Amino acid sequence: MKYITCAIIILLPGLALSVSPVFVLPGLAPSSWFENLAVRPNGLILATRGDAPEIWQINPATGQGAKLMTVIGAFNLTGIAEITSGHHSQEQKREETYVFGSSYIPAPLQVEPGSAKVWTLRFGNGITPTVSLLAELPKAGFINGVAAWGSRRVLLGDTIEEAVYLMDVDTGFFTTPLTNMTGINGVQTAPGYIYWANHALQRLSRIPVDNDAFHTGPAEILATDQAIDDFALAIDKTGRGRAFIGAMYDNAVVQVVFGPPPNSGTGVKSIVAGNLSGTGVGLCAVVVLGRRAEDIGVLYASVNMGGGNAAIVAISTR
Ligand SMILES: *[C@@H]1O[C@H](CO)[C@@H](O)[C@H](O)[C@H]1NC(C)=O
Ligand SMILES: *[C@@H]1O[C@H](CO)[C@@H](O)[C@H](O)[C@H]1NC(C)=O
Ligand SMILES: *[C@@H]1O[C@H](CO)[C@@H](O)[C@H](O)[C@H]1NC(C)=O
């Protein structure tokens, strides 16, 4: 659900766009951070807090947001992604399922070994969504990026173990198809490809994979020398398109435009929007794309550590 056809977004290189505030976490929480975002089919934004075991839900049209839930048994929440259902009955179509991660992160850059967990969040037909523990991963290091893979499976990037796991959303059973993924942070997918951020080497790459996420060819580097956390993809069926990158402490959203595989070379980079926090300092951890007709071409980004509370901003590329 994270890729759309690239004809929809036409951006002039070098043209920085304006940033509008959507939401600021209420209360006094100057060291708060939103680690990841997911846009629901109804346009509402789900935001995982890195500094508390909370998921917030924000309506970007009104700027209203509220805590959706506290996750009992978690400390700090990480990546979140919607799962594609393989079932087609009306009943199951209505159910919306997300997978998210958690770890115990007592202090910045300090992850408690063996604390990683994976959870499911379900919006059924009832009013209140439910959360359940899908798996504890005592041997994992730090589940960071999460992305849907086919129907009812999810890819989990482990920054510390430098691996990608492929987990069944119904059983929690998982394999480890990709290893040696140094610095892996955000993970996104397109049919037949995994795209990932390497924050240690400051790269965006992609690799062709089979149905079980084993690589079928060499990886391609799409961007270098780029501060990078999680990112959104807008690509066409050939794999040509762009990534919108949360550029960490650069406090900016950076676009990289690249060609189709297998040998597109590094893409062309430009700053879509800078000074996201409006204070000159801040951390952008994630960028997501609007999904409904009225917010196609809108990017939502998290803004953390900007001197105030965690926030979400919108950038219109239309
Ligand atoms: C992790 O969450 C706990 C609360 O569950 C909080 O005290 C701690 O500050 C958080 N860590 C970071 C780095 O924000
Ligand atoms: C792991 O990746 C690095 C570069 O990212 C490469 O230099 C190294 O050879 C790889 N090691 C293995 C075992 O594939
Ligand atoms: C960031 O934006 C604020 C508000 O517009 C402005 O006052 C400040 O000078 C900007 N800082 C930088 C480094 O661009």
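All ligand and atom numbering here is 1-based and tracks the order in the structure. It should be emphasised that the depicted structure is a prediction, and the values quoted were computed from it without experimental measurement.
Closest protein heavy atom to atom 7 (O) of ligand 1: Asp51 O, 4.6 Å. Scanning all protein heavy atoms for the shortest distance to atom 12 (C) of ligand 3 gives Asn275 ND2, 3.2 Å. In terms of protein heavy-atom proximity, atom 14 (O) of ligand 1 is closest to Trp33 NE1, 2.9 Å. Here the protein heavy atom with the shortest distance to atom 4 (C) of ligand 3 is Gly278 O, 3.6 Å. In terms of protein heavy-atom proximity, atom 9 (O) of ligand 1 is closest to Pro106 O, 4.2 Å. Among all non-hydrogen protein atoms, the one lying nearest atom 10 (C) of ligand 1 is Asn76 ND2, 2.5 Å. Protein heavy atom nearest atom 11 (N) of ligand 1, with residue, atom name and distance: Ile105 O, 2.7 Å. In this structure, the protein non-hydrogen atom closest to atom 13 (C) of ligand 3 is Gly280 CA, 3.9 Å.
For ligand 1, the atoms sitting less than 4.0 Å from at least one non-hydrogen atom of Ala107 are 13 (C), numbered in the order shown with element in parentheses. Residue Pro53 approaches ligand 1 through these ligand atoms, each under 4.0 Å from one of its heavy atoms: 5 (O).
When only modelled atom types and interatomic distance are considered, Asn304 and Glu35 share no side-chain donor-acceptor pair under 3.5 Å. Between the side chains of Thr189 and Trp149, no donor N or O sits under 3.5 Å from an acceptor N or O.
Ligand 1 has a nitrogen or oxygen under 3.5 angstrom from a nitrogen or oxygen of Phe75. Checking only distances, Thr279 never comes within under 3.5 Å of ligand 3, N or O to N or O.
Under the 4.0 angstrom criterion, atom 2 (O) of ligand 3 counts as having a protein heavy-atom contact.
Annotation for Thr266 and Ile221: closest pair CG2-O, 3.6 Å, computed over non-hydrogen atoms. The two atoms that bring Phe75 and Ser103 nearest to each other are CB-O, 3.8 Å, heavy atoms only. Nearest heavy-atom pair, Asn309 versus Pro30, reported as atom, atom and distance to 0.1 Å: OD1-N, 3.4 Å. Taking each heavy atom of Pro261 and Arg206 in turn, the nearest pair found is N-NH2, 3.1 Å. Across all non-hydrogen atoms, the minimal contact from Gly150 to Thr84 is O-CB, 3.6 Å.
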- request: Please assess Gln188 against Ile235 for the test side-chain contact (heavy atoms from CB on, under 4.5 Å), listing each intermediate value before the final yes or no.
  value: CA-CA 12 Å; Gln188 299 297 336; Ile235 61 176; over 6 Å; no
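Thr216 places a side-chain N or O within 3.5 Å of a backbone atom of Pro208 that can act as its donor or acceptor partner.
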